[in-house]
Structures are given as C-alpha cells and as structure tokens.
J.: 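This is the structure I have questions about; it appears just below.
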Amino acid sequence: MAFSYPEKSSVDIDAMDQQASLVESPAIVDNNLPDFSHNAPRPETFEDVSSNEVTRRLLDLASQLKRPTPSSSAAVNSRVFGITPNREQFDSIDSQSSFLPTRTGYPPVPHAESPGSVGHYQPMPTELKSDAGQASEPDLSKLPTTGQSDLPAPVLAAMLRAASPNSLPMTPAAQAKSAVDKLRQPRSLQSLLGKESAPAMDINPDHAVSKLPNHLSRTSVPNSFSKGPESPFTAKPYRPAGYRPVDVESIRGDFPALHQTVNGHPLVWFDNAATTHKPNSVIDAMSSFYRKDYSNIHRAAHTLAARATDHYESARETVQRFIRADSSKDIVFVRGTTEGMNFLANVCQPFLKDGDEILLSELEHHANIVPWQLLAKRINAKIRVIPFDDNGEIMLDEYRRLLSPKTKIVSVSHASNTLGTVLPVEDMSAMAHKRGARFIVDGAQSIAHMPINVSEIGCDFFVFSGHKIFAPTGIGAVYVHPDLQDMLPPWQGGGNMIQRVTFQETTYSDAPAKFEAGTPSIGDAVGLRAALEYLEQFDPHALLHYEHSLLEHAQHGLSRIKGVTIYGHAKEKVGLVSFTLDRYSTEAVGKELNRHGIAVRTGHHCAQPSLRHFGLETTVRPSFALYNTHEEIDRMLSVIHQLARKV
C-alpha cells in the first residue's frame, strides 16, 4: 500500500531520489542522451551500474554543483536537498543505505479534486512546451561533465534544477510533488476526516460516518522505506508520490474471485475475518516466482538461489516496513498466527517457573489459549483471565487488579474475531511492563484494517497471518523485540538455523535464522510481500474511513430488523458484526444467505469463551474488507429481513 510517508534524513537523500524520479523524462530533448521514456529499453550501461555506484556518482556530482546565490538558496534547499549541499555534509552519508529509484517512468499527477490521491495522467501545460510540443530544453552545460553520461536523464534533470533553480520551470509532476508534500504534514484525525480535507472515496453520502474510533489515530502511518539492512540484491522499492484513490469498483477489479456467481447470484464475500481473497498482483507475483525464479534459498552459488533468496529477504523487509519494526532481523516467518503463538509458547518457557501466571483475555481466539494451556501444564503455571463487559469492552480495572509480580506473560488480541472489539494494547502493554511481564499481541484481525506500529504499541511480540491480509495461506510473521532475540532458545532444529554442528555440540545462527529451521514457504513469502505492497498503494486512513462506514451501515440496518440481536457494542471496532436471529439457528441463516450468493461465517469462530459470556455457542458473523460495498450490505439485510418476516 504505500502505507507510507518517506522519512527525511538530515540530508534527505530519499527526497533527492524522488525529485529525480518525478522530473518528467520527456523534458529532456537531447539526442546525445539515452531515451528513458516508458517504451524505450534501458541501455545496457545503466543495467550494469549498481545502485550504490550510481549513488556515489550522484553525490560526487552534487558536491561539484555551483552554489546558488543567497536569494535563491532557500528555494534550492527546500526543493531538492533540505539543507545546503556542501561536500562535508555529503561525506557523512552512508552510501550503502542510499539508493536511487530504479523505475524510469514518471508517476501520475493527482486529481485536482483530490490533491492527496493519484489517479490519472494529465498533460503538461502549454506554457511549459516549446513550438515542437516538447518541454523546454534544459541547459545541461551547467552541470559538471565528469561522469555525466553515466547517469540517467531524470537524475541529470534534477541536478540541473538544483544548479540553477530559476532556469527551468517546475514540471507538472514536480508541482504535484510539492502539493503532495504539503498534504504529508502530520494532521489530526479530525482534520483528516473533515469536509474540507476528507479523502475522495466512492462512498454513498447516506452511509457517511461522522467520526472514526479513537484507535485509528493512535498509531502513525508506516514508512514506505525500510530502516533495516537492505537486501544484497535489490534497492529500496520505488514509491510514487500520493495514494491511489479508494475507488471500490476499481479495487474490485483487482480481485478475480469476486467476479463469479454462486447459486445464480453475484458472489458477496463477507467472510473476511476468516480469510481474504487475493488481488491479481499477488497471484501474478507468485506465478512469476514459480515460473522463473524458484529455488531453495541461501547457501548456493547459482543465480536462481540468489534470486529466490532475494525474494524471501525482500518479503521480510516489506513486513518490517509495514509494521514499523526497527530491523528486518526482528521478523520471523511462520505458517500463520496459530504457529506463531505455538512458537512463542515454546520459546517463552524460560521466562516462567512453577507458580507463575499467564494473563489472557476472555476475548481470545483458541490459538491464543491452547498453546499457553499446554505450556502451563508443563511447568505448573497458572492462567488468569481478563474479563470483558456486556458491551464487549475489556475491563481495564480488572486487568490492573490481575497484574502481579507473578505475572510473566500477557497475551491478548489486538482486535476480537467474534465481537470486533479493538483492545487498548498500548495502555495494556505499558501496564504489563511495569510489572515486568512480557506483552504479546495477536494481530490477526487488526493487520488488514489499521496502521500497525509495533514501537508505539510497545509490545515484545506481534503475530499475524498472511491470508487475513490478501496474501496466501501458509505464511505469517512474528515480530520479536531485538532485546529478547538472544535470550530465546530455538524451537525447532534442522538446517538453516545453525552455524556449526558436531555430535557433541551445535552453535546456532542469530535471529531470525535461529527460529526458521528447514526450507521455508518461499513462494508464500513472495505473495505476502505483494499483498502488503498492494495495500501500501492506499491512504490507510481513507481505507479505515471506508471500512468503518460499511460497519456502521451493517450495524444500523441489522438493528432495525425485528428478532436480530447484535453482540459487541464496543466504542472501537474493526469491520465485523456478530448477531443471531430469533427462531433460526445460525446455520440456517448462513445457508439462506449462501442461497443468495452471500458468504458469511457461522459457528463459534474458534473463540468459544467469548461467546459463552453471552450464553451462546454460535453466531452469524459477516465481516468486511476494502472490496465490499454498501450495495452488498443491502442485499444481506434484505435476505435477513425476509427471514424475519416469515416468522
């Protein structure tokens, strides 16, 4: 998703990279320069130059640029460098972690109606064009000549703008970047969602929501650029300025599974809390990997092994970026949340002893209950339960009372999969740490619906499944706080997780390899990376606004149907509703909805304790995602209303 704003370093190399990529290549009209337009092939010399080498040349050239006059220095500094570009400051740059964009095309220009969204291309204004219809030709003679021909045209044009800011007018793309930069300034959620600044979305005004839950502003928007070590094979992914509009019809076009009929009706997929469908980008990425790049990873000298390793480690970096971890070394791949919780229940055993306590909430999925029960039985520990009230809100006073010096582990869901309740994990984490306990977050139901920042949450571990966030099954991730990685033992033995093996002793690898024994699910990791990058196209707050409007629509409509009881009225919820209908079993309701092509989940949802709080064994649970529509909700409400009338 470019879920992301690029972070600015002291010399803002990322801004230089984006400035270079934003200058439209057609603005260069010089027969001696290579053609970097969309349809032209890359020259072989450019392919052969590593990103580090290109960066080094750019820095060398930048240091030779003629300093602007005092009157124009402020414009140069703010538009290109962020500070005055003298050689001493460039000497402090780590060229190993600075990369130029690898894509040569220029990005779309934002809609005039929606400055923060990127949608369609717009033509260059006529006043910037010459008689031949091309942009005015910049005077490249003002640049230093050393190494000039080795750099791509967009980079040269950006450097020319820096050398003489008044000699070349800003292109539409550069103007768009300037406008988007203004939108990137931090804003309150209220201003973001106000009438004047609300993102343009395909939402029926009748279903608009006045405000969002408070949790939507608790975490900052993740950065699109990795802070951790780079993959040895690829540079940072290029990100265009702005976001893709939340146009639901366009989004639905990305998901082929949605375009089918079930029982003679168009499919309505309201089972997103159980699993999500996959966009074409995920399907294509996995297919391409298996067609061209498949190999086992690490410890091989051949090309396909290098490619496969690159794919796998790039997926790890993407997860790191998406959840705002400090390093890709903090990310451990697992099969999903269930395996992640079992992994933690095994490696956290050294933290507990006989008589110690593990705190879980009454809202938990079985995957966050059973592994801890198995551990408690092994070491004679006790499990204590944090209750919730009849609205579905966690009872923080009871949580505070349960915390004690005996509490060693607190493990809770970020969002309930039965009631939709979003737990105040930041506050709960701080309270747990004051008692010296480790804090674990099950993020299976939050990962696809809100920005995640593990540093702001303050958790020791964060776990999620890929298939809940438009990625394939068989892949998930566990964030492990760097302070704990050396303390934790391996949980499985085999290849990849060792440094040296003898029959007398084994030396283990460092994290994350220490926790990833054997051949991993490489292709599924490729799909996970593609899914996260798909979501990074969109403004996360725009997605939250839209999904919350779906939730409000469904809850309001269901509440007006006689015989329907909704369970879970927490102030902060993700997009799901649990309900029952008088005189009908939940299975009967589910079957009738399926007869009309509507897929919902019925049963105990693998969270029996949370339903038994209300004296229930099962509920009907429609759950929503970014590709669902208000019209689909109306179809569901119509079927349930017809059932209610029959009674």
J.: Scan for ring pair (Phe, Tyr, Trp, His ring centres under 6.0 Å) pairs involving residues 571-598, sequence neighbours excluded, and state none if there are none.
T.: H265-H596
J.: Residues in salt bridge (Lys or Arg N to Asp or Glu O under 4.0 Å) with R378, at least two apart?
T.: none
J.: Does any pair with a residue in residues 273-293 pass salt bridge (charged side-chain N to carboxylate O under 4.0 Å, His left out), and if so which ones, sequence neighbours excluded?
T.: D293-R307
J.: Tell me, please, which residues at least two apart from R601 pass side-chain hydrogen bond (donor to acceptor under 3.5 Å, both in side chains).
T.: D271
J.: Considering only residues two or more places apart or on different chains, which pairs with a residue in residues 604-616 satisfy salt bridge (charged side-chain N to carboxylate O under 4.0 Å, His left out)?
T.: R612-E617
J.: In chain order, what residues pass the ring pair (Phe, Tyr, Trp, His ring centres under 6.0 Å) check against W372, with sequence neighbours excluded?
T.: none
J.: The criterion is salt bridge (Lys or Arg N to Asp or Glu O under 4.0 Å); which residues satisfy it with D390, sequence neighbours excluded?
T.: none
J.: For R583, check salt bridge (Lys or Arg N to Asp or Glu O under 4.0 Å) against everything at least two apart and list the hits.
T.: none
J.: For K382, give me all partners under salt bridge (Lys or Arg N to Asp or Glu O under 4.0 Å), at least two apart in sequence or on another chain.
T.: none
J.: Ring pair (Phe, Tyr, Trp, His ring centres under 6.0 Å) with F461: which residues, sequence neighbours excluded?
T.: none
J.: According to side chain to side chain contact (heavy atoms under 4.5 Å, CB included), who are the partners of T618, at least two apart in sequence or on a separate chain?
T.: T586
J.: By ring pair (Phe, Tyr, Trp, His ring centres under 6.0 Å), which residues pair with H311, not counting sequence neighbours?
T.: F289
